[in-house]
> 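This is the structure I have questions about; it appears just below.
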Amino acid sequence: MALIDIRGVSKTYNSNGCVVQALKGIDLSIDEGELVAMMGPSGSGKSTLLSILGAMNPPTTGTVLVDGIDLYGLSVEKRADFRHEYIGFVFQQLQLIPYLTAVENVLLPLAISKRPHREQEAMAFRALGRVGLVDKARRLPNQLSGGEQERVAVARAIVNEPPLILADEPTGNLDTQTGEEVMRLFQSLNEDGLTIVLATHNPENTRYVGRTIRIRDGRIAS
Amino acid sequence: MRLADISFNNLRRRKSKMVFVILGLAIGVATVVALFSITAAMRDDLQDKIDQFGANIVIVPQARELSLSYGNIAVSGVSYDVKELSQEDVPKIKTIAFSGNIATIAPKLLGAVQAKGAGESRALLVGVDFPAELRMKKWWEINGAAPSREGEILLGSRAAGVLMSRPGDSLTIDGRKFTVSGVLKETGSQEDSVLYVELSAAQALLGKPGKLSLIEVSALCKACPIEDIVGQLSGVLPNAKVSALQQAWKARRQTVDQLTNFSLAVSAVVLAIGAMIVLTTMMSSVKERTREIGIFRAIGFRRTHIARIILLEALVVSVVGGVLGWLAGMIASSLTAPYVAQAAVTVNWNPALAALAVGLSAMVGLGSSIYPAMQAANLDPAEALRFI
């Protein structure tokens with residue numbers, strides 16, 4: 001069953017009078033439980049597609065349905081609620097909050113939930129346990145290695161138990177070995193039932209995914 | 001984790017910036033508190049002085065005749081016989097409900113006399129109760145001494161000039177001999193032309209034993225409406241005309257109003273500067289945190305959540321600034337008030353002023369942070385995270 005259904009999505013940016021067409025008529029379906037890599041060179045439009053999928057970037061044309069919900073038919077605040085409930089993000093450049101410890105970073109998505117503190121902590125430590133970082137929970141990001149920081153970012157993405165994980169260049173800043181570890185972690189999460197969509201330019205990562213979608217010049221190439 | 005934890009974490013992280021905002025607000029609040037306290041203390045002090053140093057109520061007989069000006073009040077004709085007040089009226093003043101507010105009662109008898117020293121002239125003789133008169137007229141400076149024995153007279157400076165008399169000289173008034181005990185230094189008022197003798201002597205000279213022309217009353221009116229005292233005095237003295245000296249009231253009101261307006265203007269400027277400091281600091285803080293706010297938005301924070309984080313930070317900072325500003329303002333005003341007011345004024349540690357200071361600071365802090373909070377809340381997460 002398709003968790004994600006994208007029809008006729010295009011995106012045009014107007015930057016300083018210069019019109020850039022980042023996406024050109026994308027049609028795409030991703031089933032629940034899939035681990036998908038969107039491959040393409042820098043500037044191909046994969047990050048833009050990921051942000052549109054993540055309910056953060058309205059397309060110029062087309063519709064995006066996730067779990068049957070028309071994302072861009074929702075109000076801005078409802079889209080925020082949707083992101084909170086449905087999506088776990090792993091951003092390019094990690095994007096951890098530098099003054100919060102690992103566990104506090106993982107707790108962030110729960111700050112707007114009504115869950116009691118003890119339950120929040122239990123969820124955060126469960127997520128950190130899932131990525132193997134419980135022993136470093138009280139460390140600040142700059143006291144962690146690149147791979148560990150990536151794993152904290154993954155823990156933050158899964159702490160709220162969303163059905164969909166979106167990751168933008170998750171191995172972009174990591175050495176080969178650490179990158180492989182992270183990809184295996186995604187594989188493992190996918191085996192637990194999570195639907196995962198990655199944007200990557202590293203062909204090595206396609207070894208770990210179920211399907212690879214190649215994007216070039218704003219279109220799906222294959 | 002709660003939203004408040006994010007705010008407090010950020011405050012801890014940006015200590016120097018927040019200290020700068022706190023200082024900006026504290027200085028603003030301290031200035032307002034100091035000005036307010038000093039103005040209030042000066043207002044109290046001014047009231048005390050006006051209330052204590054001079055008559056603010058004058059009681060004269062109901063009269064139809066011509067009047068002769070004395071001080072700032074009009075008294076009934078001197079050369080005409082009118083229905084005088086009597087000394088029996090004086091104790092009645094003490095019977096009013098606000099008698100506790102009566103500081104000094106100075107009865108007087110006025111009359112025109114022929115005075116002869118080295119020079120000679122018609123003059124206004126005023127019989128007074130010297131202890132009460134001296135208590136009321138603290139500004140009098142006497143060359144010599146006030147009369148303390150029977151047969152002594154005090155001259156106004158101009159009267160002394162016309163009669164060519166000095167302390168120790170003799171003076172004849174309507175055939176009766178007096179010794180000049182002292183001469184008043186020039187006051188610039190009608191007092192300069194007056195001859196002052198003991199009330200009983202004046203009554204004897206003018207042939208009006210037990211009679212009075214007017215009674216000056218000094219009432220302490222810091223908290224009581226003088227009109228009420230006037231009303232009560234009119235009640236116990238039905239044949240007298242009781243008037244409050246409106247001029248003194250108007251002058252007081254004008255002075256206080258000027259001080260208050262000045263304080264308000266300075267406060268507004270200082271608070272506007274404080275508001276600008278908060279605005280620019282919060283704006284730069286929001287700009288620095290663009291990515292962070294983008295992350296919050298991406299993981300599902302609503303715009304209202306972001307605004308709450310920013311406004312809570314502003315509230316904490318401005319309350320701290322308000323408390324520190326209040327303390328600094330009170331200490332500064334306590335130390336400087338005597339110099340600024342040039343008098344021994346007392347600054348009151350008023351809890352209402354503390355609440356006002358903190359409230360004002362919170363209002364300025366929050367008000368100036370609304371725009372930065374809106375900017376933060378409206379950040380496009382995709383743009384903030386460089387997806388675009």
Side-chain angles (χ1 to χ4, degrees), chain A residues 11 13 15 20 22 46-52 54-58 75-101 103-115 117 120-121 124 153 156-157 159-160 162 166 168 199, chain B residues 1-19 281-282 284-313 315-317 373-388:
Chain A
K11 182 73 184 181
Y13 295 117
S15 173
V20 178
K46 56 187 187 303
S47 288
T48 299
L49 184 55
L50 206 67
S51 67
I52 289 173
M56 285 196 288
N57 193 6
S75 68
V76 173
E77 295 296 61
K78 288 283 179 201
R79 276 212 298 279
D81 294 344
F82 172 86
R83 288 195 292 274
H84 185 244
E85 192 180 339
Y86 272 83
I87 298 172
F89 278 103
V90 180
F91 305 102
Q92 198 174 7
Q93 315 283 348
L94 310 171
Q95 307 287 14
L96 297 180
I97 308 291
Y99 58 88
L100 297 180
T101 61
V103 70
E104 285 169 341
N105 265 288
V106 176
L107 278 165
L108 267 183
L110 303 175
I112 53 172
S113 72
K114 301 266 187 254
R115 290 187 176 93
H117 179 71
Q120 287 187 16
E121 286 256 316
R156 184 177 65 191
V159 70
N160 213 20
L166 301 178
D168 190 25
Chain B
M1 178 173 273
R2 295 161 303 138
L3 290 178
D5 295 327
I6 298 172
S7 300
F8 287 118
N9 261 312
N10 188 55
L11 289 173
R12 274 198 291 273
R13 189 171 66 113
R14 292 164 198 271
K15 280 193 195 92
S16 56
K17 217 162 224 175
M18 293 310 148
V19 166
T281 312
M282 292 309 271
S284 99
S285 171
V286 165
K287 201 170 170 62
E288 278 173 21
R289 293 158 74 187
T290 299
R291 286 203 148 219
E292 179 184 317
I293 292 164
I295 293 169
F296 294 155
R297 293 284 286 133
I299 63 179
F301 282 35
R302 284 180 159 219
R303 287 190 290 204
T304 49
H305 294 132
I306 305 293
R308 269 161 57 188
I309 291 171
I310 304 288
L311 291 176
L312 181 62
E313 287 172 20
L315 181 68
V316 171
V317 164
M374 279 169 59
Q375 291 276 93
N378 288 327
L379 269 177
D380 182 342
E383 206 170 331
L385 295 171
R386 306 278 192 272
F387 273 118
I388 294 172

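Letters go in sequence order (proteins before strands), and every chain restarts at 1.
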> Could you tell me the separation between the CZ atom of R83(A) and the CZ atom of R302(B), rounded to the nearest 0.5 Å?
11.0 Å
> Excluding sequence neighbours, so at least two apart, what forms side-chain contact (heavy atoms from CB on, under 4.5 Å) with L379(B)?
T290(B), I293(B)
> Looking at NE2 of H84(A) and CZ of R297(B), how far apart are the two atoms once the value is rounded to the nearest 0.5 Å?
13.0 Å
> Heavy atoms, side chains only, cut-off 4.5 Å: are M1(B) and L110(A) in contact?
no
> I299(B) and I112(A): side chain to side chain contact (heavy atoms under 4.5 Å, CB included), yes or no, with the steps?
CA-CA 10 Å; I299(B) 63 179; I112(A) 53 172; over 6 Å; no
> Can you tell which part of E121(A) gets under 4.5 Å to a heavy atom of chain B, answering side chain, backbone, both or neither?
neither
> Look at R13(B), R2(B), H305(B), R289(B) and state which one has the largest set of heavy-atom pairs under 4.5 Å with chain A.
R13(B)
> What distance separates Y99(A) OH from R12(B) CZ, expressed to the nearest 0.5 Å?
10.0 Å
> Can you tell me which portion of P98(A) sits under 4.5 Å from chain B's heavy atoms? Options are side chain, backbone, both or neither.
side chain
> Show your reasoning for whether side chain to side chain contact (heavy atoms under 4.5 Å, CB included) applies to T304(B) and E77(A).
CA-CA 9 Å; T304(B) 49; E77(A) 295 296 61; 4.1 Å; yes
> Is F89(A) close to I295(B) at the side-chain level, that is, under 4.5 Å between some pair of heavy atoms?
no
> How many angstroms lie between CD in E292(B) and CG in L100(A), if you round to the nearest 0.5 Å?
7.5 Å
> Quick check for you: to the nearest 0.5 Å, what is the distance between D5(B) atom CG and E104(A) atom CD?
8.0 Å
> Please enumerate all residues that pass side-chain contact (heavy atoms from CB on, under 4.5 Å) together with K287(B), with sequence neighbours excluded.
none
